[in-house]
Protein chains: 2
Amino acid sequence: MEDQLTIGEVSRRTGVAASALRFYEEMGLIDSHRTVGNQRRYDRSSIRLISVIKAAQEVGLSLQQVADALSVLPHHRTPTKRDWSRLTTRWRSDLDKRIDELVALRDDLTNCIGCGCLSLRSCALFNSGDRAAAKGSGARYLVGDERPQTP
Amino acid sequence: MEDQLTIGEVSRRTGVAASALRFYEEMGLIDSHRTVGNQRRYDRSSIRLISVIKAAQEVGLSLQQVADALSVLPHHRTPTKRDWSRLTTRWRSDLDKRIDELVALRDDLTNCIGCGCLSLRSCALFNSGDRAAAKGSGARYLVGDERPQTP
DNA sequence: GTACAACTTCAAGTATGCTTGAAGTCAAGT
DNA sequence: ACTTGACTTCAAGCATACTTGAAGTTGTAC
């Protein structure tokens, strides 16, 4: 065994199915080179990359978003510390935002449990349209059933 | 306008498309009754329920999971405080878990940014297989590229 | 009483993220 | 050399979560 991994080895080590690895390659997320007999061989660094992909998915990014993010990495040379740093810094802020959203949701839920207000119109959970709307295009996840400024 | 909402009204107030509402109904997530002319009419309380569904999706639950969770609510009578409480308490712990996972991921990512270790084998991000594995069936999101106990 | 938007069902289509299967090729051990 | 498991491509299939479109019906406003 040289410093090259077969798709099976990569699959076993990452827990990602071989079919998924081929799919990722097709999507441009990872790459490999071929043996004379046309079989894929992976650098060890691919394992890292795949871990990062999985982490990003965990955060809730789509493969397309991951692909976009990865495009900041130089494809033709080994990424440097700085390259990775740029990427992970970006993701960290996505992650921060996502965590904040979930924490806000948790707080609402907690209040609602405390006050039993799911049957009440004053409940934060059901009047959080403003906060959600203020967040922008995503996350309009909660909408009140009262229209504050209507007849 | 009585205390009954048309599908269009519900759609506008929740931000959920009418087609999605029909879909939810088919999935057994929500229900409605019909006019003499076979059009759907919704109780105001449906808005609440739909908000809860959206919140649950935000947390990362599938519609099936939401359906399962909602099945604890009595379908034939108006849910009480206690009923809602049971549901939201359950989700809260899911949410807590999810937040913990993301926070752990963020910490790893932060460390990795600090140390630039994405090229190093000592990196927490790439050696967190144990922690991830210990979490159970979900979330095996990070796998090291070193096999600690192999030749 | 008629116009017209809003509703109805049902079938098919879309996007994402893969998996499965068929049919064939490669690599490594004996 | 031969076997056998691992690999290859390509097409089709699947689950989730809907959307779209066709063809027809309802409800409200004038």
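So you know, we letter chains A, B, ... as the sequences are listed, proteins then strands, and number each from 1. Values below: every heavy atom of this structure, side chains too, minus hydrogens, waters and symmetry copies.
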K.L.:
Can you tell me how far P of D:dT16 sits from CD1 of B:Ile53, to the nearest Å?
P.N.:
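Distance check: B:Ile53 CD1 to D:dT16 P gives 16 Å.
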K.L.:
Please report, rounded to the nearest Å, how far the P atom of C:dA6 is from the CZ atom of B:Arg12.
P.N.:
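That distance rounds to 7 Å.
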K.L.:
I'd like to know if the side chain of B:Ser11 reaches the main chain of B:Ile7, judged simply by a donor and an acceptor atom lying under 3.5 Å from each other, with no hydrogens or angles considered.
P.N.:
no
K.L.:
Between B:Lys54 and B:Leu49 (side chain of the first, backbone of the second, donor and acceptor by atom type, cut-off under 3.5 Å), is there such a pair?
P.N.:
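Side chain of B:Lys54 to backbone of B:Leu49, a donor-acceptor pair under 3.5 Å: no, none is there.
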K.L.:
Measure CG/B:Asp68 against P/D:dT16 and give the value in whole Å, please.
P.N.:
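Taking CG of B:Asp68 and P of D:dT16, I get 11 Å after rounding.
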K.L.:
Does the side chain of A:Arg40 get closer than 4.0 angstrom to OP1 or OP2 of D:dT9 through an N or O atom?
P.N.:
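Result: yes.
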K.L.:
Report each atom pair, protein N/O against N/O of nucleotides 16-19 of chain C, whose distance is under 3.5 angstrom.
P.N.:
unit_1, atom_1, unit_2, atom_2, d
C:dG17, OP1, A:Leu63, N, 3.1
C:dG17, OP2, A:Leu63, N, 3.2
C:dC18, OP2, A:Tyr24, OH, 3.0
C:dC18, OP2, A:Gln57, NE2, 2.9
C:dT19, OP2, A:Ser19, OG, 2.3
C:dT19, OP2, A:Ala20, N, 3.3

K.L.:
Applying side-chain hydrogen bond (donor to acceptor under 3.5 Å, both in side chains), can you list everything that pairs with B:Asp96, at least two apart in sequence or on another chain?
P.N.:
A:Arg106, B:Arg92
K.L.:
Less than 4.0 angstrom between a side-chain N/O of B:Arg34 and OP1 or OP2 of C:dT9, yes or no?
P.N.:
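Yes, because at least one side-chain N or O of B:Arg34 sits under 4.0 Å from OP1 or OP2 of C:dT9.
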K.L.:
Sequence neighbours left out, what passes side chain to side chain contact (heavy atoms under 4.5 Å, CB included) with A:Ser62? Give chain and number order.
P.N.:
A:Gln64, A:Gln65
K.L.:
I need the single residue from B:Leu29, B:Asp68, B:Leu70 that forms a side-chain contact (heavy atoms from CB on, under 4.5 Å) with B:Leu63. Which is it?
P.N.:
B:Leu29
K.L.:
Hey, which sits more toward the 5' end of DNA chain C by its nearest nucleotide, B:Ile7 or A:Arg22?
P.N.:
B:Ile7
K.L.:
In whole angstroms, how far is the P atom of C:dA5 from the CD atom of B:Glu9?
P.N.:
17 Å
K.L.:
List in chain and number order the residues that pass side-chain hydrogen bond (donor to acceptor under 3.5 Å, both in side chains) with B:Ser32, two or more places apart in sequence or in another chain; answer none if no residue qualifies.
P.N.:
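Here the qualifying residues are B:Glu25.
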K.L.:
In whole angstroms, how far is the P atom of C:dT8 from the CD atom of B:Glu25?
P.N.:
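Rounding to the nearest Å, CD of B:Glu25 and P of C:dT8 are 9 Å apart.
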K.L.:
To the nearest Å, how far apart are A:Glu26 CD and C:dA15 P?
P.N.:
16 Å
K.L.:
Heavy atoms, side chains only, cut-off 4.5 Å: are B:Thr6 and B:Arg41 in contact?
P.N.:
yes
K.L.:
Taking side-chain hydrogen bond (donor to acceptor under 3.5 Å, both in side chains) as the definition, give me every residue that meets it alongside B:Arg98, ordered by chain and number, with sequence neighbours left out.
P.N.:
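By the side-chain hydrogen bond (donor to acceptor under 3.5 Å, both in side chains) rule, B:Arg98 matches A:Glu58.
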K.L.:
For nucleotides 21-30 of chain C, just jot down a letter per nucleotide in 5' to 3' order: B, S or -, based on protein non-hydrogen atoms under 4.0 Å.
P.N.:
-----SS---
K.L.:
Between the main-chain N or O of A:Tyr42 and the side-chain N or O of A:Ser46, is there a donor-acceptor pair closer than 3.5 Å?
P.N.:
no
